[in-house]
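Report on the following structure.
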Amino acid sequence: MNSRPFIFDQLHIEVARNASDDFNLFHDKHKWLQIVHNPFKGPIVLGFQLNTLIEYQMRLYRELHHENEVITEHDLRYSNYQITFVNAVRPRMPVYLDIKKTLINTIPSLTLGNRIAMKSDDKTVLLGFKKETQAPLFLADTKLDNLPDLDEVPDCTRVPGTDYFLKRKYLNNGSVKNFLSGSFAEQSDYFDELTQTAQYPEIFPCSLSSGALLEKAQLENHDFKRNPMVYTSHEISVDRRSLSLLKNNEKLHILVDQRPESGSNTLNQTNIMLRTYHCYGLLHNNDVLFRMKLNLVSLKDILKNLPY
């Protein structure tokens with residue numbers, strides 16, 4: 001467990017949500033009050049913001065333990081995160097990150113993995129793992145090579161012949177730097193104009209999917225005040241090879257596939273149905289940058305199932 005806590009201020013939240021175009025009311029310093037029966041009593045930190053904190057601390061861990069050499073030698077090109085959110089993080093709330101010792105598995109193929117836990121006041125905030133693999137751990141079987149030319153598909157519309165909602169974004173170095181700073185990641189480790197270094201972090205492109213989900217819901221007339229949704233988990237696979245090619249003003253096509261809700265897909269130990277989204281980030285020639293499975297639940301369903 002890290003000896004010093006990470007303490008987010010509201011400014012960190014503002015910087016991160018602005019950088020990623022996330023207009024969720026849960027993060028707004030004024031509009032959180034408009035959410036019906038909001039139990040959090042204030043704005044909360046973004047889920048992808050916590051993921052970026054984990055990404056950076058794992059980067060430092062890999063460097064300290066000389067594990068990048070193994071990753072390069074064995075072409076462990078996929079970075080994978082499985083994160084389960086247990087509690088929300090609010091401003092001025094000290095959080096501690098615990099990274100367990102790296103486990104190396106060789107069957108069926110080489111994998112570097114670390115368990116992760118984040119706590120505050122001895123209460124768990126999130127649990128999960130970070131793994132380095134030769135193939136993506138999540139949504140690996142999805143075939144995306146038969147898509148039409150996404151440049152020809154209008155933004156915020158359905159891709160013809162598919163169930164995918166398309167959101168087009170453009171990566172911007174300044175936004176990435178702000179998101180890193182808002183997540184306690186040292187931006188100069190990724191960007192240095194004097195040495196012409198520009199290395200994009202793994203989570204930031206993924207974070208733009210939250211805005212895509214919000215825009216999709218807005219077009220569907222979702223009531224964000226009366227029926228807000230909260231993340232329960234993120235499952236993310238990022239292709240480092242594609243990541244290494246990103247540059248300023250890069251076009252990113254985000255595809256969102258909303259899966260049918262089912263009684264067999266519920267929140268642990270409850271009958272609350274999850275709303276699951278499969279999200280993909282595609283670059284030029286439909287190269288897949290990331291694959292994600294995002295699970296959300298309705299806040300009102302959680303509140304109905306709380307013990308009294």
Side-chain angles (χ1 to χ4, degrees), residues 2 4-57 59 81 83 85-97 118 120-121 125-126 167 169-191 198 200-218 222-225 228-231 234 236 248-249 252 254 279 281 292 294 296 299:
N2 60 292
R4 65 178 181 86
F6 299 98
I7 303 176
F8 291 90
D9 290 316
Q10 180 60 31
L11 183 60
H12 290 98
I13 299 175
E14 297 293 326
V15 167
R17 69 193 300 262
N18 292 341
S20 58
D21 294 327
D22 189 317
F23 56 91
N24 193 323
L25 303 185
F26 280 114
H27 313 306
D28 192 287
K29 61 185 175 184
H30 300 302
K31 294 181 181 178
W32 70 269
L33 285 161
Q34 299 176 15
I35 298 174
V36 176
H37 303 308
N38 188 343
F40 300 127
K41 300 182 177 18
I44 60 175
V45 176
L46 285 67
F48 283 106
Q49 198 174 1
L50 297 175
N51 278 350
T52 300
L53 169 60
I54 292 168
E55 174 190 346
Y56 184 64
Q57 293 301 312
R59 172 190 172 120
Y81 301 79
I83 302 295
F85 298 99
V86 180
N87 283 300
V89 175
R90 299 186 301 277
R92 308 306 304 163
M93 179 177 170
V95 292
Y96 294 85
L97 178 63
M118 190 176 287
S120 179
D121 294 331
V125 172
L126 61 79
K167 177 59 190 172
K169 302 293 291 186
Y170 292 85
L171 300 175
N172 176 272
N173 288 0
S175 294
V176 182
K177 293 175 186 177
N178 285 336
F179 199 85
L180 288 167
S181 296
S183 308
F184 294 106
E186 178 51 58
Q187 69 177 51
S188 64
D189 285 349
Y190 298 87
F191 295 91
Y200 269 67
E202 298 169 355
I203 294 297
F204 177 77
C206 305
S207 75
L208 300 176
S209 298
S210 275
L213 297 191
L214 290 166
E215 290 199 44
K216 180 179 185 295
Q218 193 171 42
H222 185 84
D223 192 331
F224 295 107
K225 298 178 182 178
M229 308 289 291
V230 294
Y231 283 120
H234 290 170
I236 304 171
N248 197 37
N249 295 323
L252 176 66
I254 299 175
C279 299
M292 295 196 300
L294 307 177
L296 298 90
L299 177 64

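Because the structure is predicted, anything quoted here is derived from the model rather than measured.
Side-chain contact between Val125 and Val86: absent, with no pair of heavy atoms (C-beta onward) separated by less than 4.5 Å. Side chains of Trp32 and Leu25 form no contact here, defined as non-hydrogen atoms less than 4.5 Å apart. Counting heavy atoms from C-beta outward, Phe179 and Pro201 have side chains that stay 4.5 Å or more apart. The shortest distance between side-chain heavy atoms of Glu215 and Asp21 does not fall below 4.5 Å. Side-chain contact between Val89 and Ile44 is absent, with no heavy-atom pair separated by less than 4.5 Å. His27 is listed as a side-chain neighbour of Asp22, based on a closest heavy-atom distance under 4.5 Å. With a 4.5 Å cut-off on side-chain heavy atoms, Asp9 and Glu14 do not count as touching. Side chains of Ser210 and Asn24 form no contact here, defined as non-hydrogen atoms less than 4.5 Å apart.
Minimum heavy-atom separation, Cys279 to Leu294: SG-CD1, 3.9 Å. The nearest pair of heavy atoms linking Gln49 to His12 is NE2-O, 3.1 Å. Minimum interatomic distance between Leu46 and Ser20 (heavy atoms only, all atoms of both residues): CD2-OG, 3.9 Å. Among all heavy-atom pairs drawn from Ala88 and Met93, the shortest one is O-CE, 3.5 Å. Residues Pro39 and Leu299 approach most closely at CD-CD2, 3.8 Å, considering heavy atoms. Residues Phe184 and Ile7 approach most closely at CZ-O, 3.1 Å, considering heavy atoms.
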Trace of the side-chain contact (heavy atoms from CB on, under 4.5 Å) decision for Ser207 with Thr52
CA-CA 9 Å; Ser207 75; Thr52 300; over 6 Å; no
Going through the checks in order, is the side-chain contact (heavy atoms from CB on, under 4.5 Å) test met by Tyr200 and Leu171?
CA-CA 10 Å; Tyr200 269 67; Leu171 300 175; 3.8 Å; yes
Trace of the side-chain contact (heavy atoms from CB on, under 4.5 Å) decision for Glu186 with Tyr56:
CA-CA 8 Å; Glu186 178 51 58; Tyr56 184 64; 3.2 Å; yes
Can you check side-chain contact (heavy atoms from CB on, under 4.5 Å) on Lys225 and Ile35, steps first, answer last?
CA-CA 4 Å; Lys225 298 178 182 178; Ile35 298 174; 5.7 Å; no
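Checking each of Gln10, His30, Arg90, Arg17 against Pro43 for a side chain to side chain contact (heavy atoms under 4.5 Å, CB included) leaves exactly one that passes, namely Gln10.
Surrounding NZ of Lys31 are at most 12 heavy atoms belonging to other residues, nucleotides or ligands under 6.0 Å away. Heavy atoms of other residues, nucleotides or ligands lying less than 6.0 angstrom from CG of Asp223 number more than 12.
A distance of 10.5 Å separates CG in Asn87 from CG in Asp121, rounded to the nearest 0.5 Å. Considering CD1 of Ile54 and CD of Glu202, their distance stands at 12.0 Å, rounded to 0.5 Å. With rounding to the nearest 0.5 angstrom, the CG atom of Leu213 is 12.5 Å from the CD atom of Gln218. From Gln187, atom CD reaches atom OG of Ser181 across 4.0 Å, with rounding to the nearest 0.5 Å. Rounding to the nearest 0.5 Å places CG of Asn51 at 5.0 Å from CD1 of Ile203. To the nearest 0.5 Å, the span separating NZ on Lys169 from CD1 on Ile254 amounts to 7.0 Å.
Checking side-chain atoms of Asn248 against main-chain N and O of Asn173 turns up a donor-acceptor pair under 3.5 Å.
Side-chain rings of Phe204 and Phe48 stay apart, their centers remaining 6.0 Å or farther from each other. Aromatic rings of Phe26 and Phe40 (six-membered ring for Trp) have centroids within the 6.0 Å cut-off, being under it.
Taking the ring axis of Tyr96 as reference, the NZ or CZ atom of Arg4 does not stay both within 45° of it and closer than 6.0 Å to the ring centre.
Taking the six-membered ring for Trp and thresholds of 30 and 60 degrees, Phe23 and Phe224 have ring planes more than 60 degrees apart, a perpendicular arrangement.
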